[in-house]
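Values below: all heavy atoms of this structure, side chains included; hydrogens, waters and symmetry mates excluded. Naming convention: chains lettered A, B, ... in sequence-line order (proteins, then strands); numbering from 1 in each chain.
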Protein chains: 2
Amino acid sequence: MDLTPRQAEILDFLRRHRDEQGLPPTRAEIVAAFGFRSPTAAEDHLRALERKGVIELRPGASRGIRLLERADEYLSEAVQLARREAANEASLPLVGRVAAGAPILSDPNVETRIPLAGDFFRPRAHFLLRVQGESMRDAGILDGDLLAVHQTPEARSGQTVVARLEDEITVKTLRLKGGIAELLPANPDFSPIVVDLSRETLVIEGLAVGLIRGGFGSPLVR
Amino acid sequence: MDLTPRQAEILDFLRRHRDEQGLPPTRAEIVAAFGFRSPTAAEDHLRALERKGVIELRPGASRGIRLLERADEYLSEAVQLARREAANEASLPLVGRVAAGAPILSDPNVETRIPLAGDFFRPRAHFLLRVQGESMRDAGILDGDLLAVHQTPEARSGQTVVARLEDEITVKTLRLKGGIAELLPANPDFSPIVVDLSRETLVIEGLAVGLIRGGFGSPLVR
DNA sequence: GGATGTGCTGTATGGATATACAGTGGTCCC
DNA sequence: GGGACCACTGTATATCCATACAGCACATCC
């Protein structure tokens with residue numbers, strides 16, 4: 001059963017009171033906070049919240065209000081968003097195979113999250129891309145490595161970019177010559193890709209800003 | 001001014017009560033927990049703790065006990081240790097230049113801590129070593145990279161090891177042939193190091209289990 | 001259209017709680 | 001040996017607090 005808006009307000013107050021004052025409120029304090037004129041108003045709300053299983057009341061005990069874990073499901077939208085953002089700031093999505101046409105950070109592309117903050121890298125990383133193939137071997141970027149990528153469409157000559165060419169994601173060094181873009185591998189076994197920008201579109205997904213090898217169940221040592 | 005042992009016990013109880021019950025105790029609950037026969041015993045202790053600045057008492061309010069941040073300085077040894085361990089588990093020490101003779105993880109060798117849990121790698125990493133030089137270039141290990149190291153003296157042929165040779169720390173691929181150990185670079189510009197184990201000692205500090213590039217103020221992109 | 005739930009007002013009360021006051025015995029310091 | 005702090009006992013009390021009881025208005029469900 002869901003909480004009413006008023007009940008959610010009361011629950012928010014309980015949480016705030018606990019976090020700011022270090023103890024649960026009395027009925028009288030709830031009354032004062034909401035401008036009620038009767039302690040029963042507070043009591044009724046507490047009973048309703050208990051019945052719905054989000055708090056626990058300890059009979060007889062002053063301030064005997066306990067927030068249960070389930071109460072977190074009823075966090076206000078704003079708080080939920082803030083929490084999710086805080087959690088995301090401490091981890092990076094790992095992008096594996098990229099489905100054709102889909103945005104690189106769309107749900108199906110994200111394999112998992114890696115517990116490393118994006119601003120560990122400079123400029124900050126927005127996601128990690130699992131490298132496929134040996135085309136950047138001589139730049140120390142190997143098959144299976146996780147490439148930290150700063151998501152931006154702006155790239156300059158000489159930077160290592162993550163680019164999308166006809167729905168293929170590729171990591172290369174960018175070279176711009178007038179209306180021509182060259183995507184240079186770092187491996188003599190591969191050939192440069194030449195893109196005539198007046199006829200084809202080259203989508204720059206981001207810049208390589210770092211690299212992780214050997215994490216997440218892909219042991220280097222056996 | 002320091003807390004007496006008894007006062008520290010009371011403070012511990014206050015913390016535990018808050019964490020387990022979700023609210024501070026009453027004087028009566030303190031009395032019950034410690035077997036006092038008078039509420040004044042509890043009151044006196046609370047006053048002493050307030051005078052020493054570790055808690056705050058709110059006059060008139062039931063359960064009006066607030067633990068101040070300074071109270072953390074008086075955590076029991078066991079709890080302090082547990083906290084420190086928890087914090088360490090979520091980060092790895094970064095070892096830069098290694099001073100001659102000193103253990104690799106001794107304080108002066110640790111530059112900083114990197115906010116990544118050691119068990120992100122398999123087997124788990126115990127520290128990160130800043131790579132110096134290009135001798136492992138063709139293995140994708142470049143100058144300035146942070147090498148994740150699993151600390152162990154056991155290594156087999158073919159593994160990438162962190163070894164100490166006459167107070168020099170080096171990263172190489174290990175090859176064992178009878179009584180001879182070879183430390184092989186992954187770069188034709190460098191020569192293998194041959195160690196006769198019957199005459200010299202080779203200290204294996206650990207195994208390379210991962211790698212991080214571009215983190216911590218060493219931007220790949222400018 | 002009665003039952004049920006929400007969201008209140010208003011009053012009352014017993015028991016829970018903080019807290020004052022008066023002691024005791026101990027230690028440590030000057 | 002007096003003064004401080006410590007660690008308590010024992011009693012008393014004003015007030016804080018949870019909580020019961022009696023209502024009212026409004027909505028929703030069957």
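Listed pair K52(A) / dG5(C) fails the phosphate criterion, with no side-chain N or O lying under 4.0 Å from OP1 or OP2. For the pair Q7(A) and dG5(C), the criterion of a side-chain N or O lying under 4.0 Å from OP1 or OP2 is not met. Within the structure, a side-chain polar atom (N or O) of R6(B) is placed less than 4.0 Å from OP1 or OP2 of dC8(D). For H45(B) and dC6(D), the shortest distance from a side-chain N or O to OP1 or OP2 is not below 4.0 Å.
For the pair H45(B) and F36(B), the minimum side-chain heavy-atom distance is below 4.5 Å. A 4.5 Å side-chain heavy-atom check between R66(B) and L23(A) finds every atom pair outside the cut-off. No side-chain heavy atom of H126(B) sits under 4.5 Å from any side-chain heavy atom of V209(B).
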Polar atom pairs between nucleotides 10-17 of chain D and protein, under 3.5 Å, N or O only, would you list them?
residue, atom, partner, partner atom, Å
dG10(D), N7, S38(B), OG, 2.7
dG10(D), O6, T40(B), OG1, 2.3
dC17(D), OP1, R63(A), NH2, 3.1
dC17(D), OP1, S62(B), N, 2.8
dC17(D), OP1, S62(B), OG, 3.0

Which pairs, protein N/O on one side and nucleotides 24-30 of chain C N/O on the other, fall under 3.5 Å?
none

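Both P25(A) and A41(B) sit near DNA chain D, but only A41(B) has its closest nucleotide nearer the 5' end.
Within the 3.5 Å criterion, the main-chain N or O of L67(B) finds no donor-acceptor partner in the side chain of R18(B).
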- Go through the steps for L57(B) and I55(B) under the test side chain to side chain contact (heavy atoms under 4.5 Å, CB included), then give the verdict. CA-CA 7 Å; L57(B) 293 176; I55(B) 66 170; 4.0 Å; yes
- Task: Before giving the answer on side chain to side chain contact (heavy atoms under 4.5 Å, CB included), spell out for D145(A) and M136(A) the whole-Å C-alpha distance, their side-chain angles and the decisive distance to 0.1 Å.
- Result: CA-CA 11 Å; D145(A) 286 357; M136(A) 294 298 282; over 6 Å; no
Under 3.5 Å, which donor-acceptor pairs do the side chains of residues 28-35 of chain B form with other protein atoms, sequence neighbours left out?
residue, atom, partner, partner atom, Å
E29(B), OE1, T26(B), N, 2.9
E29(B), OE1, R63(B), NH1, 3.0
E29(B), OE2, R63(B), NH2, 3.3

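Partners of E56(B) by side chain to side chain donor-acceptor pair (under 3.5 Å), not counting sequence neighbours: none found. With sequence neighbours excluded, the residues that form a side-chain contact (heavy atoms from CB on, under 4.5 Å) with T4(A) are R6(A), Q7(A), K52(A). Shown here are the side chain to side chain donor-acceptor pair (under 3.5 Å) partners of T152(A), two or more places apart in sequence or in another chain: there are none. With sequence neighbours excluded, no residue forms a side-chain contact (heavy atoms from CB on, under 4.5 Å) with R37(B). Take S38(B) and apply the side-chain contact (heavy atoms from CB on, under 4.5 Å) test, not counting sequence neighbours, and it matches T40(B). Evaluation of the side-chain contact (heavy atoms from CB on, under 4.5 Å) rule for V195(A) yields L165(A), A181(A), I193(A), L197(A), E200(A), L202(A) as partners, not counting sequence neighbours.
Between the P atom of dA7(D) and the CD1 atom of I30(B) lies a distance of 14 Å, rounded to the nearest Å. Here dA18(D) presents its P atom at 10 Å from CG of L57(A), a figure rounded to the nearest Å. Between the CD atom of E9(A) and the C1' atom of dG7(C) there is a distance of 12 Å, given to the nearest Å. Taking atom CD of residue E43(A) and atom P of nucleotide dA20(D), one finds them 7 Å apart after rounding to whole Å. Between F34(A) atom CZ and dC8(C) atom P there is a gap of 9 Å when expressed in whole angstrom units. The nearest whole Å value for the distance from the CZ atom in R47(B) to the C1' atom in dT19(C) is 7 Å. When rounded to the nearest whole Å, the span between CZ of R51(A) and C1' of dT4(C) equals 10 Å. Rounded to an integer number of Å, the gap from CZ of R58(A) to P of dT19(D) is 11 Å.
Axis angle, first five pairs versus last five pairs of the helix from dG1(C)-dC30(D) to dC30(C)-dG1(D): 30°, rounded to 10°.
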- Note on the structure: Per-nt protein contacts along nucleotides 24-30 of chain D (heavy atom under 4.0 Å; B base, S backbone sugar-phosphate only, - none) come out as -------
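Among the nucleotides dT9(D), dC8(C), dA20(D), the one closest to the side chain of D44(A) is dC8(C).
Residue pairs meeting the salt bridge (Lys or Arg N to Asp or Glu O under 4.0 Å) criterion with at least one member in residues 19-28 of chain A, sequence neighbours excluded: R27(A)-E43(A).
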